[in-house]
Undergrad: 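Would you mind keeping the following structure in view while I ask a few things?
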Amino acid sequence: MSSQHSRGLDEAIDNLAAVATRFFAGEDLDGIRRTDATFLRPGRQIIAKNLDAPVRRSSYRAGWQRLTVRTAALAAAAGSAYAYLTHPDAMAQALTYGGPAALLATTAGGVAYRVKGRERRELMGEWVKPLHHALADPLGISEQTDPATYLHVPPDFSDDDAEIRIDLPLHLKFNRDQVAELVMQKLALQNASFSWRLAGRDPHLIVKKKDRPPASLGLDDPGVRDLLASVPESAPLIGLGAGKKKVSVDLDHDSPHVLISAGTGGGKSTILRTIACQFLHNGAQAHILDFKRISHTWARGIPGVNYCRDIADIHDALIALGTEGHRRIRLAEQLGDDVLASEPDRVGPRIVILLEEINATMAQLRRYWEKIRSSDDPKTSPAIDALAEILFMGRQVRLHVLLVAQSATARALGGPEMRENFSTRILVRYTMNAWKMLVPEVTPAPKPTRHPGRVQVVLGGTARETQVLNLSEAEARAWAMAGIPGRHQPLTLRKSQPAPDPGPVPLPGPARASAAAAPAGREGDGEPPIAGEEELIGLRVAQQELEGVSLAGLRWARINDPEFPDLAGQDGQEYLYRRGDLQRWARNRLAARQN
């Protein structure tokens with residue numbers, strides 16, 4: 001028994017000596033060397049085999065780093081024990097009063113660490129760990145390797161000046177093309193340069209963006225005005241992509257409608273303004289349906305623009321536009337494809353519909369219809385039905401919807417089938433869930449950037465990072481007015497009547513062109529006006545009918561207000577205006593003051 005006891009004691013002493021040696025050598029205390037770390041150099045890869053658990057981060061640290069932490073902890077424990085033995089009462093008081101404070105500070109620090117590290121954790125879970133699982137086998141490293149020890153991916157790796165570093169194994173037994181392809185795929189990089197630095201004891205790979213879009217894009221940048229003037233009438237310029245390549249969407253060939261999805265502050269109105277002013281420059285009509293009322297003040301008073309801010313006007317506008325679309329479909333059917341191919345404007349001028357904040361607007365349209373509909377009316381808003389019909393109409397009718405949504409859910413747009421009509425989708429400051437919902441065919445989703453004016457333009461299953469052309473309100477207005485806007489008078493928007501049959505195709509000659517260009521709701525399209533709305537009245541009569549507006553105020557607005565109705569006729573020396581136009585102007589003026 002004594003010999004066995006002696007052997008057990010010797011073994012315990014040997015084990016204790018071995019642990020002490022590992023302790024001061026900065027090695028793992030269980031004696032298993034898991035990484036290639038030395039006393040002076042941190043580890044880069046796992047060298048142990050058949051490990052049952054992931055390797056802790058501490059195993060990658062250099063031995064001197066681990067020794068420093070251990071000795072500090074040992075000194076703290078020894079100091080606390082000594083203080084308790086020499087001054088037990090003071091130590092007890094310190095624990096009594098300092099313990100809760102220390103616990104509170106520790107809790108607050110832990111919460112702050114969790115909040116501050118949230119972005120880092122999301123980066124690891126969404127990007128770094130999937131990249132590690134893809135690269136482990138090609139690089140010949142263990143799956144148990146901590147990705148953060150060799151994959152140095154900054155949280156803003158999608159920004160222009162970001163740099164990604166990948167530490168490579170010393171053996172260099174890997175296929176560089178395969179590694180580069182995996183990095184491009186797993187990090188959803190569109191254009192990147194790879195710098196391989198293989199010499200010495202620190203082989204690594206540096207990945208940066210190449211041929212990136214310009215940092216900003218304005219009208220005064222070199223060549224922008226000429227580029228803007230050269231784009232086809234049907235394909236407005238959105239911005240410039242990698243290598244300063246032009247990014248545009250052809251509404252006659254690629255996609256008749258455009259969806260813009262962005263969070264608050266993403267520049268949705270800037271994108272719409274840039275696209276809309278180009279259409280106005282080329283003579284198109286624009287109907288701006290802006291429930292927010294102030295998103296496109298630059299367009300007020302421009303010929304060819306109908307600005308609807310009141311929900312009643314938006315409701316009537318969509319119905320009138322739907323009626324016009326049906327008229328154009330019947331006319332296009334009679335004209336035939338051959339005629340439309342050579343003379344597309346025979347169906348009428350191009351009409352662009354800017355629909356702001358679809359989430360709020362659709363909800364307001366439903367509420368408005370619930371208030372005004374009678375028991376015999378359908379439950380679904382006719383304005384929402386009209387929007388759905390416009391989205392399903394073909395390119396031949398030349399009606400295009402540019403729609404903005406913070407959350408372009410199927411319910412917000414009136415159903416998944418309506419959302420599918422937007423072949424072109426522009427996403428900015430999107431979430432991963434928004435990307436998966438709107439463009440699931442493009443995987444993986446590129447990481448969003450907060451670079452001002454930087455968007456992803458998705459068309460035909462391909463995403464193109466684009467720097468949007470940023471036109472100020474003054475520049476957009478000037479560009480719209482500098483072309484040939486107002487070549488066609490805008491539609492008169494009011495509650496629709498049953499659409500008439502357009503009759504036979506007009507005969508060749510001036511009469512045909514006049515009939516084809518006749519706007520809906522005016523004399524010539526066969527639609528009877530609402531009683532009283534088309535009646536011409538002077539300012540004196542209007543002053544008696546319009547609440548809160550004096551004759552002097554009407555005369556001042558006629559000269560100074562760009563939204564004051566257009567002159568419709570003259571009786572001697574008295575100027576005449578349509579009663580309905582004056583009523584809408586007064587209603588919008590009152591609503592704007594209340595807001």
Side-chain angles (χ1 to χ4, degrees), residues 231-238 247-261 268 271-272 274-289 304 306 317-333 335-337 339-356 358 383-405 408 410 412-427 438-439 441 455 457-462 464 488 490-491 516 520:
V231 294
E233 177 266 341
S234 63
L237 178 69
I238 298 175
V247 178
S248 62
V249 53
D250 195 324
L251 299 186
D252 285 346
H253 298 92
D254 296 332
S255 168
H257 312 297
V258 178
L259 169 64
I260 301 170
S261 175
K268 303 181 293 293
I271 301 172
L272 275 185
T274 296
I275 297 176
C277 76
Q278 296 178 64
F279 282 118
L280 289 169
H281 181 91
N282 289 301
Q285 296 178 0
H287 295 277
I288 301 177
L289 313 183
N306 178 50
L318 287 172
I319 295 175
L321 287 164
T323 301
E324 170 67 5
H326 284 291
R327 184 194 71 81
R328 293 186 176 204
I329 287 177
R330 291 191 294 272
L331 182 57
E333 182 181 10
L335 289 171
D337 293 339
V339 175
L340 290 177
S342 59
E343 300 179 72
D345 58 352
R346 285 280 298 277
V347 298
R350 188 182 301 278
I351 297 177
V352 182
I353 306 164
L354 278 67
L355 190 50
E356 276 278 359
I358 188 64
I384 296 177
D385 283 343
L387 175 60
E389 292 173 352
I390 293 170
L391 292 176
F392 280 103
M393 292 175 183
R395 299 171 178 83
Q396 294 86 349
V397 300
R398 292 162 61 85
L399 265 67
H400 310 287
V401 177
L402 310 181
L403 184 145
V404 171
L413 299 182
E417 63 280 357
M418 290 178 66
R419 190 171 63 191
E420 292 305 312
N421 287 285
F422 294 93
S423 301
T424 299
R425 303 177 182 186
I426 302 175
L427 291 88
L438 293 177
V439 283
E441 69 276 13
V455 305
V457 179
V458 183
L459 176 62
T462 302
R464 299 180 64 182
H488 307 286
L491 296 174

Undergrad: Measuring from R419:CZ to L391:CG, what's the distance to the nearest 0.5 Å?
TA: 13.0 Å
Undergrad: Taking all non-hydrogen atoms of both residues into account, name the closest pair between R350 and E233 and its distance.
TA: NE-OE2, 2.6 Å
Undergrad: Under a 4.5 Å cut-off applied to non-hydrogen side-chain atoms, are V249 and I426 in contact?
TA: no
Undergrad: Determine yes or no for a side-chain-to-main-chain donor-acceptor pair under 3.5 angstrom, with Q278 supplying the side chain and L237 the backbone.
TA: yes
Undergrad: I would like to know whether H287 and I351 meet side chain to side chain contact (heavy atoms under 4.5 Å, CB included); could you show each step before the answer?
TA: CA-CA 7 Å; H287 295 277; I351 297 177; 3.4 Å; yes
Undergrad: Are any non-hydrogen side-chain atoms of I353 and L289 less than 4.5 angstrom apart?
TA: yes
Undergrad: Under the side-chain contact (heavy atoms from CB on, under 4.5 Å) test, which residues partner I329, sequence neighbours left out?
TA: M393, V397
Undergrad: Looking only at heavy atoms, what is the nearest atom pair of A386 and G322, with distance?
TA: CB-CA, 4.3 Å
Undergrad: Closest heavy-atom contact between L459 and S423?
TA: CD1-O, 3.9 Å
Undergrad: What's the shortest heavy-atom distance between L399 and H257, and which atoms?
TA: O-CE1, 3.4 Å
Undergrad: Find the distance between CG (N306) and CG (L321) and round it off to the nearest 0.5 Å.
TA: 8.0 Å
Undergrad: Is there side-chain contact between P344 and R398, with at least one heavy-atom pair below 4.5 Å?
TA: yes
Undergrad: If I take atom CG from residue L259 and atom CG from residue L403, how far apart are they, to the nearest 0.5 angstrom?
TA: 6.0 Å
Undergrad: Which heavy atom in F279 sits nearest to a heavy atom in L251, and how many Å separate them?
TA: CZ-CD1, 3.1 Å
Undergrad: Going by side-chain contact (heavy atoms from CB on, under 4.5 Å), name the residues that satisfy it together with D385, two or more places apart in sequence or in a different chain.
TA: T380
Undergrad: Could you please spell out the steps behind the side chain to side chain contact (heavy atoms under 4.5 Å, CB included) verdict for V401 and N421?
TA: CA-CA 10 Å; V401 177; N421 287 285; over 6 Å; no
Undergrad: Between CG of L340 and CD of Q396, what distance do you get to the nearest 0.5 Å?
TA: 6.5 Å
Undergrad: What distance separates D337 CG from S342 OG, expressed to the nearest 0.5 Å?
TA: 11.0 Å
Undergrad: Closer than 4.0 angstrom, basic N to acidic O: yes or no for D250 and R395?
TA: no
Undergrad: CD1/I390 to CZ/R328 distance, rounded to the nearest 0.5 angstrom?
TA: 10.5 Å
Undergrad: Is R425 reaching over with its side chain to a backbone N or O of L438, donor-acceptor style, under 3.5 angstrom?
TA: yes
Undergrad: Could you work out, with side-chain contact (heavy atoms from CB on, under 4.5 Å) as the rule, every residue matching A383, not counting sequence neighbours?
TA: H315, L318, I319, L365, S381
Undergrad: Report yes if the side chains of H400 and D252 come closer than 4.5 Å at any heavy-atom pair, otherwise no.
TA: yes
Undergrad: Which pair of heavy atoms, one from A235 and one from V231, lies closest together, and at what distance?
TA: O-CB, 3.6 Å
Undergrad: Could you check whether E324 pairs with R327 (Lys NZ or Arg NE/NH1/NH2 to Asp/Glu carboxylate O, under 4.0 Å)?
TA: yes
